[in-house]
There are 4 protein chains.
Amino acid sequence: MSRGLNKVMLIGHLGRDPEMRYTPSGRPVTTFTIATTRTWNTSNGERHTETEWFNVVTWGNLAEICKQYLSKGQQVYVEGRLQTRRWEDSEGNKHTSVEIVANEMMILGERREPLSNNHFTESLQETHSTDEEIEEDEYPF
Amino acid sequence: MSRGLNKVMLIGHLGRDPEMRYTPSGRPVTTFTIATTRTWNTSNGERHTETEWFNVVTWGNLAEICKQYLSKGQQVYVEGRLQTRRWEDSEGNKHTSVEIVANEMMILGERREPLSNNHFTESLQETHSTDEEIEEDEYPF
Amino acid sequence: MSRGLNKVMLIGHLGRDPEMRYTPSGRPVTTFTIATTRTWNTSNGERHTETEWFNVVTWGNLAEICKQYLSKGQQVYVEGRLQTRRWEDSEGNKHTSVEIVANEMMILGERREPLSNNHFTESLQETHSTDEEIEEDEYPF
Amino acid sequence: MSRGLNKVMLIGHLGRDPEMRYTPSGRPVTTFTIATTRTWNTSNGERHTETEWFNVVTWGNLAEICKQYLSKGQQVYVEGRLQTRRWEDSEGNKHTSVEIVANEMMILGERREPLSNNHFTESLQETHSTDEEIEEDEYPF
DNA sequence: TTTT
DNA sequence: TTTT
């Protein structure tokens, strides 16, 4: 039973094809970006448009599904929590990254062909063999 | 009619009393921080706790309500959109800030005494006289 | 400042073209239905699918936009509150209806042509002349 | 990967203590009601208040947690999906019931004492022995 | 039937 | 920096 709510819901389009990697222990991680466009009218009647970009991260099964079904330009619904990570690079510079750790994803609009990926599926089988549970923050990217 | 969804919903506790300021044109802006605590169990049975901090910004009427009714430690529900702002300081360093621009707020738990603020209310009247509509990004903070 | 949250978010397809009517005072009301499909796997590996139907109601400007842009089969995102109305028909039978009173709507998927409706737009102008604010529950339908 | 969104989020107070029962196969189900109060101002400056009542259903682990920690009057956050069930009673009358099938629950406000329930815990152990997975709609209530 |  |  949690004591806090941290929920983000997005609808937007993928900025690029998703990328899948693996943690040292073999857990799949898929990342992609979503552009969300907001339009509004100012008091003097002008129309404004602003695009906000989000970094989305998915883990485990959902990571594989995202890699397999999503591609650049597609419209998706994504739900998850907001996470800020801070780290230092090798030169000691501090960085902050804000990500949506998604636990739900829905493809919107017309159905596209699932990516043809016999190859993909095979490689999944191999890598997936070590699927022990790991900490999410174990993975540096 | 919008074409994108960018929604954030938080429940957490205020890290400090809210601060209210005004844009050059007299529009009130209130900022505060919210801590959201997440707890989960790892596969080896350990219990983890992680606190995420959020910067919340409110405008106009809601800014005044937040200033008037919220105080450090209080539990609130906040709903809004996620906004990333990038700017350079006077020395040319680049900064990024991520904020929740809230359009709804609910006080949770027991009712606290509204802050005694005859003084506050008066000053509101004065400042509020110039209430023309301005762009949100007009305000640097 | 509200003290309760009652929020519904749906993504689904319209079951029929929306219908627009007017309250006695001239306020537009548009109603339509949305089908939301849920799929899940049972423990014995069977795949289940269930479709839930929702009655959606919109008022004012949004009612006009829904009438103008939505049509049967379209995929939409809808956000609003859940409302239960109880009433008796002329024969004394009691009825209950559950509706989503939507305050946000987004068209998903590919953009369709806006319905050609010079006629529609004209009639809107006429009817719209009496646009005083009325109680939502004033309208029996 | 789902193709529809059906999400309800509520904050309100419990109208009565939750009730826990078991399906024939031993799966716990807990039901309770939540009151959500909405206040708004009409155009002529009057203040209105309306309370909406929701039937909430929880299953499995969450059912046990709700039974154990919730009691009448408590403020909670509840998240789930909207479900309409139709059935006929023994006299052939048709009924419709609308429920929130919750999958998340958060207690809001001050912490109350967990209900003292050594007895409760014991009885849980016994009944829980048959914890096979069953269909949700298997349970008539 | 709850709460403020 | 909050809360439990």
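So you know, we letter chains A, B, ... as the sequences are listed, proteins then strands, and number each from 1. Everything quoted here is computed from the prediction, not taken from an experiment.
If you take CG of L108(B) and C1' of dT3(E), they are 12 Å apart, rounded to a whole angstrom. Here the P atom of nucleotide dT2(F) and the CD atom of Q75(B) are 15 Å apart, to the nearest Å. Rounded to an integer number of Å, the gap from F54(D) CZ to dT2(E) P is 17 Å. Look at NE2 on H13(B): it is 7 Å from P on dT3(F), rounded to the nearest Å. Between the C1' atom of dT2(F) and the OH atom of Y77(B) lies a distance of 19 Å, rounded to the nearest Å. For the pair R38(B) CZ and dT3(F) P, the interatomic distance rounds to 21 Å; values are reported in whole Å. The interatomic distance linking F32(B) (CZ) with dT2(F) (P) rounds to 16 Å, in whole Å. To the nearest angstrom, P of dT2(E) lies 18 Å from CD of E50(D).
Checking dT2(F), dT3(E), dT1(E) against the side-chain heavy atoms of W53(D) singles out dT1(E) as nearest. Among the nucleotides dT1(F), dT3(F), dT3(E), the one closest to any side-chain atom of T33(B) is dT1(F). When each of dT1(E), dT1(F), dT3(E) is scored by its nearest atom to the side-chain atoms of T37(D), the top-ranked nucleotide is dT3(E).
Without hydrogens or angle criteria, D17(D) side chain to S71(D) main chain gives no donor-acceptor distance under 3.5 Å. Remark: side-chain polar atoms of N55(A) are not paired, donor with acceptor, to backbone N or O of E99(A) under 3.5 angstrom.
Side-chain to base pairing of T51(B) with dT2(F): one donor and one acceptor N or O lie within less than 3.5 Å of each other.
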inquiry  = Go through it in stages, so that I can follow the logic: the residues are E79(C) and K7(B), the test is side chain to side chain contact (heavy atoms under 4.5 Å, CB included), and I'd like the CA-CA distance, side-chain angles, deciding distance and then a yes or no.
reply    = CA-CA 11 Å; E79(C) 181 182 332; K7(B) 187 170 287 283; 2.9 Å; yes
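In this structure, CE in M106(B) is found 4.0 Å from CD1 in I11(D), a value given to the nearest 0.5 Å.
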